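Before any comments, here is the structure.
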2 protein chains.
Amino acid sequence: MATRREPPLSRDGIVRAAVELLDDSGEAGLTFRALAERLATGPGAIYWHIAGKGELLAAAVESVIADAVFAGPAGATPPEAVRTLALGVFDAIDVHPWLGVQLPLNPLRTPMLRVFESLGRQVRALGVPPAAEFTAASALLNYILGVAGQNAAAPRAIAPGTDRATFLGNAADAWAALNPDEYPFTRAAAGRLRDHDDRAEFLAGLDLVLAGIIARLVPPR
Amino acid sequence: MATRREPPLSRDGIVRAAVELLDDSGEAGLTFRALAERLATGPGAIYWHIAGKGELLAAAVESVIADAVFAGPAGATPPEAVRTLALGVFDAIDVHPWLGVQLPLNPLRTPMLRVFESLGRQVRALGVPPAAEFTAASALLNYILGVAGQNAAAPRAIAPGTDRATFLGNAADAWAALNPDEYPFTRAAAGRLRDHDDRAEFLAGLDLVLAGIIARLVPPR
DNA sequence: ACCTGAACACCGTTCAAGT
DNA sequence: ACCTGAACACCGTTCAAGT
């Protein structure tokens with residue numbers, strides 16, 4: 001049960017332990033005291049390696065998002081590359097739900113800056129003219145971050161252990177019970193929510209943004 | 001200086017004081033002790049009216065977002081109505097920056113559910129077929145929430161008082177100093193970031209999502 | 001240079017006691 | 001029914017003291 005401790009104590013070791021703690025017990029579980037216990041030391045020791053909780057969280061985000069962001073397959077078309085990139089972020093949040101809250105909060109610090117850069121390159125490859133490339137890349141990033149926050153918030157609201165399917169079921173029930181005069185649309189969408197494939201829905205939305213970029217910003221050739 | 005206290009103590013009064021506290025001193029400023037002081041009572045008194053901090057925050061969000069969400073001008077076209085709705089959320093965040101963090105976290109609780117419902121109606125009015133209307137409304141909401149988080153995170157990272165223009169200037173400087181081999185796109189976008197009109201940029205991105213919805217989901221007529 | 005752990009100044013929340 | 005405020009069980013962070 002006791003987590004053995006690597007050599008002395010290192011920034012990387014601390015960040016790794018922080019990620020484990022976040023994965024195991026959520027944001028509320030990441031505490032300097034809990035972290036110190038896991039590292040078999042006192043809370044003060046951590047401060048020699050890391051400035052504070054903000055930096056710790058940022059480092060945890062970075063360590064986890066870095067894996068998700070790589071160029072993507074070389075032969076891919078720009079839309080394919082954008083999908084790969086976005087799915088990398090989406091799947092990382094699936095594995096580390098705390099990311100969904102943390103990503104939008106640590107906006108263009110290093111980890112997300114890399115995602116933005118990659119999106120921007122694909123936007124260029126798509127043929128968007130320079131004057132519009134910032135808008136296009138931002139729209140893609142904002143959509144991705146919006147889904148991130150949304151997907152993280154949902155299960156967090158209920159008990160941390162609740163699985164996604166029963167959560168969606170409950171939400172769908174709640175929607176179905178809404179007053180049809182006040183909420184006709186949401187009520188009708190309840191069914192759609194129930195047998196919802198998050199990943200597919202995420203991609204479908206992403207494709208809408210891509211389609212908008214192509215329709216409005218890419219000159220015909 | 002002493003804030004006079006209305007009749008005895010009411011849920012509405014508490015929520016109003018919480019919003020003031022959030023506006024004045026940010027998320028960190030909202031404390032049961034500070035709130036109690038402002039209301040000239042003890043911290044325990046608040047608990048008789050409100051379950052806890054989560055409910056307090058949710059109530060603050062709701063009270064502030066409710067004003068921003070109304071049907072919009074009756075004669076508006078669906079895209080105009082979507083823009084009005086989205087701008088309502090955007091401007092509310094401008095006035096109450098803490099909303100940007102809180103909105104994505106309180107996802108489809110009552111306040112945002114109303115936004116979702118309104119977006120959905122406009123999506124229908126646009127002519128999106130039922131099978132796709134959930135996807136379209138979600139894409140719009142996710143984009144809006146993404147921008148919300150992004151806009152809130154930025155100034156929060158720096159000192160709470162930093163004004164937007166100098167913040168953008170600093171960010172643009174940092175981007176301009178990036179390694180051009182690693183970050184060619186972001187570096188080139190630095191200029192664009194500097195003289196950035198948030199509101200216009202927000203609308204431009206929203207129009208991309210709308211254009212995608214129309215291009216991909218609305219059958220020609 | 002790096003670690004220890006007590007101590008400080010806070011939190012949210014509870015609850016006996018008051019009115 | 002509603003309010004009071006001390007008390008509880010926590011936080012993040014600091015810092016003298018150790019090695």
Side-chain angles (χ1 to χ4, degrees), chain A residues 2-22 24-61 98 101-102 105-106 109 156-160, chain B residues 2-22 24-61 98 101-102 105-106 109 156-160:
Chain A
T3 322
R4 69 266 167 272
R5 161 128 152 262
E6 317 278 305
L9 195 57
S10 67
R11 202 189 134 95
D12 282 358
I14 291 171
V15 172
R16 208 175 311 127
V19 170
E20 287 173 21
L21 220 38
L22 285 164
D24 289 355
S25 31
E27 286 188 72
L30 180 59
T31 281
F32 275 79
R33 283 170 177 80
L35 190 57
E37 198 191 359
R38 202 176 192 111
L39 293 165
T41 180
I46 298 165
Y47 282 86
W48 198 92
H49 299 273
I50 266 172
K53 186 145 193 191
E55 189 179 314
L56 181 59
L57 235 15
V61 169
W98 46 274
V101 183
Q102 230 49 49
L105 253 51
N106 281 45
R109 276 185 64 83
R156 231 175 52 106
I158 313 297
Chain B
T3 322
R4 70 267 166 270
R5 161 127 153 263
E6 317 278 306
L9 194 58
S10 67
R11 199 190 137 96
D12 282 359
I14 292 171
V15 172
R16 209 175 309 127
V19 169
E20 287 173 22
L21 221 39
L22 284 165
D24 289 353
S25 32
E27 286 186 73
L30 181 60
T31 280
F32 275 80
R33 281 168 181 81
L35 190 58
E37 199 191 359
R38 201 178 194 110
L39 293 167
T41 180
I46 299 165
Y47 282 87
W48 198 92
H49 299 273
I50 266 171
K53 184 145 194 191
E55 189 179 315
L56 180 59
L57 237 13
V61 169
W98 47 273
V101 182
Q102 231 48 49
L105 254 51
N106 281 44
R109 275 183 65 81
R156 229 176 53 106
I158 313 297

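Reminder, nothing fancy here: chain letters follow the sequence lines and each chain counts from 1. Here the structure is a predicted model, which is why all the values come from computation and not from measurement.
Between Phe32(B) atom CZ and dT14(C) atom C1' the separation is 12 Å, expressed in whole Å. Distance CD (Glu37(A)) to P (dC10(D)): 13 Å, rounded to an integer number of Å. As rounded to whole Å, 11 Å separates atom P of dT13(D) from atom CG of Leu30(A). Rounded to whole Å, atom P of dT14(C) lies 13 Å from atom CZ of Arg33(B). Between Ile14(B) atom CD1 and dG12(C) atom P there is a gap of 14 Å when expressed in whole angstrom units. If you take CG of Leu9(A) and P of dC2(C), they are 10 Å apart, rounded to a whole angstrom. Leu56(B) places its CG atom 14 Å from the P atom of dC11(C), with the value rounded to the nearest Å.
With a 3.5 Å ceiling on both atom-pair distances, the Watson-Crick or G-U wobble partner of dG12(C) is dC8(D). The pairing partner recorded for dA17(C) is none, the criterion being a Watson-Crick or G-U wobble arrangement whose two distances lie under 3.5 angstrom.
Taking the side chain as every heavy atom from C-beta outward, Leu21(B) and Glu27(B) never approach each other to under 4.5 Å. The closest side-chain heavy-atom distance from Trp48(A) to Leu9(A) is not below 4.5 Å. Between Glu55(B) and Arg11(B), some side-chain heavy-atom pair lies under the 4.5 Å cut-off.
Screening Leu22(A), Leu105(A), Val15(A) for a side-chain contact (heavy atoms from CB on, under 4.5 Å) involving Leu57(A) leaves a single residue, Leu22(A).
The stretch residues 45-55 of chain A comes close to DNA chain D through Tyr47(A), Gly52(A), Lys53(A), each having a heavy atom under 4.0 Å from the strand.
Within the nucleic acid shown, Leu35(B) has no heavy atom closer than 4.0 Å to any nucleic acid atom.
A distance of 6.0 Å separates CD1 of Ile14(A) from CD1 of Ile46(A), quoted to the nearest 0.5 Å.
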Side-chain donor-acceptor pairs of residues 28-35 of chain B under 3.5 Å, sequence neighbours excluded:
none

